[in-house]
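Only one structure is covered here, and it is reproduced in the block below.
A quick note: this is a predicted structure, and the numbers were derived from the prediction, not measured. Below, chains carry the letters A, B, ... as their sequence lines are ordered, and counting in each starts from 1.
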Protein chains: 2
Amino acid sequence: MQHYEARATIAKALGHPSRLLILEALAEKDMCVCELTELVPADQSTVSKHLAVLKHAGIVSVRKEGVKTYYRMKIQCLEGFWKCIESVLKQNLKDHRVALGA
Amino acid sequence: MQHYEARATIAKALGHPSRLLILEALAEKDMCVCELTELVPADQSTVSKHLAVLKHAGIVSVRKEGVKTYYRMKIQCLEGFWKCIESVLKQNLKDHRVALGA
DNA sequence: TGACTTTATGGTAATATTGCCATAGAGGCA
DNA sequence: TGCCTCTATGGCAATATTACCATAAAGTCA
């Protein structure tokens with residue numbers, strides 16, 4: 001059962017809109033907390049805590065540069081995953097409309 | 001931001017060990033609640049609620065057969081995703097050990 | 001009909017998550 | 001040194017999640 005705990009930790013870390021927004025930004029390039037704070041509609045302390053969650057799950061890594069802290073995306077699995085998920089959900093919608101005769 | 005809400009709903013649904021156990025079982029074959037209840041170390045009502053979460057996220061579909069309710073996996077994205085995640089995490093561990101000179 | 005099985009749901013308590021404020025610590029620079 | 005920026009953390013209140021129990025609804029079958 002603890003095999004699933006590790007996976008659940010990853011999934012839970014992905015389970016918040018702000019964190020997904022952060023991850024999509026980090027997929028482009030490393031960013032410091034100050035940049036991410038401008039991006040995310042939330043307090044700096046809140047962003048910092050979201051980043052701690054992602055760090056704890058092993059999804060991002062941290063690098064200090066002077067007074068700034070840069071976060072870096074550590075996994076490349078997300079884009080493909082969401083693409084797969086969304087194509088399935090879109091197909092389901094289509095099937096549903098057909099089933100309704102619409 | 002609501003684009004991320006939909007994804008977060010999916011991720012949150014994956015964010016519980018019991019639900020991951022259920023999904024791995026459903027990846028093999030459709031199963032009724034009674035079968036899943038034997039599998040998961042939790043009350044039948046708890047399993048039923050976990051299934052409702054998965055259903056709401058669009059990850060599984062439902063089919064009634066007499067008195068039984070069968071759940072079916074609707075997405076095929078999970079196995080590849082976890083494989084990707086775990087290979088990355090494993091590589092990180094390896095790198096970490098090398099960095100320590102172990 | 002009555003007994004039984006299967007499933008879902010309301011109630012409720014325990015726990016976890018979230019978000020903001022206030023603040024502390026660390027680095028950079030005049 | 002003094003002041004600024006950047007970041008993390010403790011505190012706390014609001015909200016969400018989880019799990020169990022009890023129970024109701026629906027199907028099956030004698």
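The NE2 atom of B/H56 sits 13 Å away from the P atom of D/dT18 (whole-angstrom rounding). The interatomic distance linking A/K49 (NZ) with D/dT9 (P) rounds to 9 Å, in whole Å. One interatomic measurement links the two molecules: CG of B/L14 to C1' of D/dT18, which rounds to 17 Å at whole-angstrom precision.
Evaluation of the ring-ring contact (aromatic ring centres under 6.0 Å, His included) rule for A/F81 yields B/F81 as partners, not counting sequence neighbours. The ring-ring contact (aromatic ring centres under 6.0 Å, His included) check on A/Y70 picks up nothing, with sequence neighbours excluded.
Nucleic acid contact class of A/S45 (heavy atoms, under 4.0 Å, all strands): base. Among the protein residues, B/K12 comes within range of the sugar-phosphate backbone only, with heavy atoms under 4.0 Å from sugar or phosphate atoms but none that close to a base.
Using a 4.0 Å cut-off between charged side-chain N and carboxylate O, B/E5 and B/K12 make no salt bridge. A salt bridge links A/E35 and A/K29; the closest N-O separation between the charged side-chain nitrogens and carboxylate oxygens is under 4.0 Å. Comment: A/E65 engages A/R63 in a salt bridge, judged by a side-chain N to carboxylate O separation of less than 4.0 angstrom.
For the contact set between residues 61-68 of chain A and DNA chain D, defined by any heavy atom under 4.0 Å, the members are A/V67, A/K68. The stretch residues 25-44 of chain B comes close to DNA chain D through B/A42, B/D43, each having a heavy atom under 4.0 Å from the strand.
By the criterion of side-chain heavy atoms lying less than 4.5 angstrom apart, applied directly or through intervening Ile, Leu, Val, Met, Phe, Trp or Tyr residues, A/Y71 is not grouped with A/V53; the two fall into different hydrophobic clusters. At a threshold of 4.5 Å between side-chain heavy atoms, the hydrophobic network of Ile, Leu, Val, Met, Phe, Trp and Tyr places B/L51 and B/L78 in one connected group. A single hydrophobic cluster is not seen to contain both B/V47 and B/V67; linkage of ILVMFWY side chains at heavy-atom distances under 4.5 Å, directly or through other members, places them apart.
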Checking side chain to side chain contact (heavy atoms under 4.5 Å, CB included) for the pair A/L23/A/V60: CA distance, chi angles, key distance, verdict?
CA-CA 9 Å; A/L23 288 176; A/V60 302; 3.9 Å; yes
Could you please spell out the steps behind the side chain to side chain contact (heavy atoms under 4.5 Å, CB included) verdict for A/K74 and B/Q91?
CA-CA 11 Å; A/K74 263 172 86 183; B/Q91 186 59 47; over 6 Å; no
Is there a side chain to side chain contact (heavy atoms under 4.5 Å, CB included) between B/R19 and A/Y4 once you walk through the steps?
CA-CA 9 Å; B/R19 290 198 288 269; A/Y4 296 107; over 6 Å; no
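In terms of phosphate contacts, A/Y71 brings no side-chain nitrogen or oxygen within less than 4.0 Å of OP1 or OP2 of D/dC6.
Once you apply a 4.0 Å limit to the heavy atoms of chain A, the touched nucleotides of DNA chain C run 5' to 3' over C/dT17 to C/dG28.
Comparing the end axes of the helix from C/dT1-D/dA30 to C/dA30-D/dT1, each fitted to five base pairs by superposing C1' atoms of four pairs onto the next four, gives an inter-axis angle of 20° (nearest 10 degrees).
Surrounding NZ of A/K68 are at most 12 heavy atoms belonging to other residues, nucleotides or ligands under 6.0 Å away. Sparse packing is recorded around NE2 of A/H56, with 12 or fewer heavy atoms of other residues, nucleotides or ligands lying under 6.0 Å away.
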